[in-house]
Visitor: 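To start, I am sharing the structure in question, which I have written as structure tokens.
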Amino acid sequence: MRQKICDLKDLAELSCREFRVKNDVLTQDAFLIYFKQHYYAYENSCPHTGVTLNWQKEQFFSLDGFFLQCSLHGALFKPDSGECVSGPCQGQCLQPISLFIEDDAVYTFE
Ligand code: FES
């Protein structure tokens, strides 16, 4: 079953949308980003300790806009792959979430 996250027109470059995904076992916090004209989504869980990454609602990018940043210890993640390139979990990755685009909106699967 599909789950709509947002309309494409509502997601500007470097903006984010938080949402929740369900699997067989649990419901997980997640977020969608629009970066260099591509959409990516990840579980909102830092590989270092499992805390949510964002420091404010829908704020995931570092100040320079080049990385996603964990608010607790500052780990930096590549937006297009989720790979941590700096910080205590360097080399680990955010868990990606599958997306698809239909009818000018971004969806994921429930
Ligand atoms: S909890 Fe994210 S870098 Fe430590």
Side-chain angles (χ1 to χ4, degrees):
M1 184 181 223
R2 70 184 191 171
Q3 172 189 343
K4 182 177 177 180
I5 303 172
C6 70
D7 292 320
L8 297 180
K9 65 177 175 49
D10 294 333
L11 206 60
E13 179 73 15
L14 298 184
S15 60
C16 313
R17 288 290 178 278
E18 295 182 68
F19 62 100
R20 305 195 83 187
V21 287
K22 282 189 264 181
N23 64 27
D24 295 340
V25 181
L26 51 85
T27 300
Q28 174 71 46
D29 291 326
F31 63 100
L32 164 71
I33 61 169
Y34 187 49
F35 178 73
K36 294 187 176 177
Q37 302 182 0
H38 289 84
Y39 300 93
Y40 304 95
Y42 300 100
E43 291 184 1
N44 190 1
S45 177
C46 180
H48 183 211
T49 67
V51 299
T52 54
L53 294 161
N54 49 315
W55 51 280
Q56 284 185 345
K57 181 174 170 50
E58 301 188 340
Q59 299 291 326
F60 292 85
F61 280 99
S62 57
L63 289 177
D64 61 13
F66 291 120
F67 298 99
L68 303 170
Q69 185 167 24
C70 178
S71 61
L72 192 54
H73 303 118
L76 298 175
F77 302 87
K78 293 172 71 175
D80 58 353
S81 68
E83 179 189 358
C84 180
V85 294
S86 175
C89 46
Q90 187 167 352
Q92 297 182 58
C93 290
L94 300 175
Q95 187 66 40
I97 292 175
S98 298
L99 299 172
F100 66 96
I101 295 171
E102 192 173 285
D103 301 328
D104 296 322
V106 186
Y107 295 86
T108 188
F109 299 97
E110 285 187 318

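Atoms within each ligand, like the ligands themselves, are counted from 1 in listed order.
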Visitor: For the residue pair Phe19 and Cys6, establish whether any side-chain heavy-atom pair is separated by less than 4.5 Å.
Guide: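 The answer is no; the side chains never approach within 4.5 Å.
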
Visitor: Heavy-atom distance under 4.5 Å between the side chains of Ile5 and Leu99, does that happen here?
Guide: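 Ile5 reaches Leu99 side chain to side chain.
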
Visitor: Answer with side chain, backbone, both or neither: which part of Pro47 has a heavy atom less than 4.0 angstrom from an atom of ligand 1?
Guide: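 Within the 4.0 Å criterion, Pro47 makes no contact with ligand 1.
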
Visitor: Yes or no on ring-ring contact (aromatic ring centres under 6.0 Å, His included) for Phe77 and Phe67, after CA distance, side-chain angles and deciding distance?
Guide: CA-CA 5 Å; Phe77 302 87; Phe67 298 99; 9.4 Å; no

Visitor: From the N, O or S atoms in His48, identify the one nearest to atom 4 (Fe) of ligand 1.
Guide: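 Atom 4 (Fe) of ligand 1 is closest to the His48 atom ND1, counting only N, O or S.
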
Visitor: List ligand 1 atoms under 4.0 Å from Ala75, heavy atoms only on the residue side.
Guide: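 Close to Ala75: 3 (S).
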
Visitor: With a 4.5 Å cut-off on side-chain heavy atoms, are Asp10 and Arg17 touching?
Guide: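 With C-beta onward as the side chain, the pair touches.
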
Visitor: Numbering the atoms of ligand 1 from 1, which are under 4.0 Å from a heavy atom of Cys46?
Guide: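 Counting from 1, the qualifying ligand atoms are 1 (S), 2 (Fe), 3 (S).
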
Visitor: Drop me the distance from Gln69's CD to Cys46's SG, to the nearest 0.5 angstrom.
Guide: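 Separation between the atoms: 10.5 Å.
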
Visitor: Are Leu94 and Glu43 close enough that some pair of their side-chain heavy atoms sits under 4.5 Å apart?
Guide: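 When only atoms from C-beta onward are counted, Glu43 and Leu94 do not touch, as no gap falls below 4.5 Å.
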
Visitor: Which atoms of ligand 1 are found less than 4.0 Å from any heavy atom of Leu72?
Guide: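 In order of number, 1 (S).
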
Visitor: Could you list the atoms of ligand 1 found under 4.0 angstrom from a heavy atom of Cys70?
Guide: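 Listed by number with element: 1 (S), 2 (Fe), 3 (S).
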
Visitor: To make sure I understand the geometry: which N, O or S atom in His73 is closest to atom 4 (Fe) of ligand 1?
Guide: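 Output for this pair reads ND1.
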
Visitor: Would you mind checking which non-hydrogen protein atom is closest to atom 1 (S) of ligand 1, with the distance to 0.1 Å?
Guide: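 Of the protein heavy atoms, Thr49 OG1, 3.2 Å lies nearest.
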
Visitor: Below 30° counts as parallel, above 60° as perpendicular, anything between as tilted: where do the rings of Tyr42 and Tyr40 land?
Guide: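 Parallel: the ring planes of Tyr42 and Tyr40 meet at under 30°.
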
Visitor: Does the residue Gly87 have a heavy-atom contact with ligand 1, meaning some pair of atoms that are separated by less than 4.0 Å?
Guide: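 No, that is not the case, since the closest heavy atom of the residue is not under 4.0 Å from the ligand.
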
Visitor: What atoms of ligand 1 come within less than 4.0 Å of a heavy atom belonging to Val51?
Guide: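 Within the 4.0 Å cut-off of Val51, ligand 1 contributes 1 (S).
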
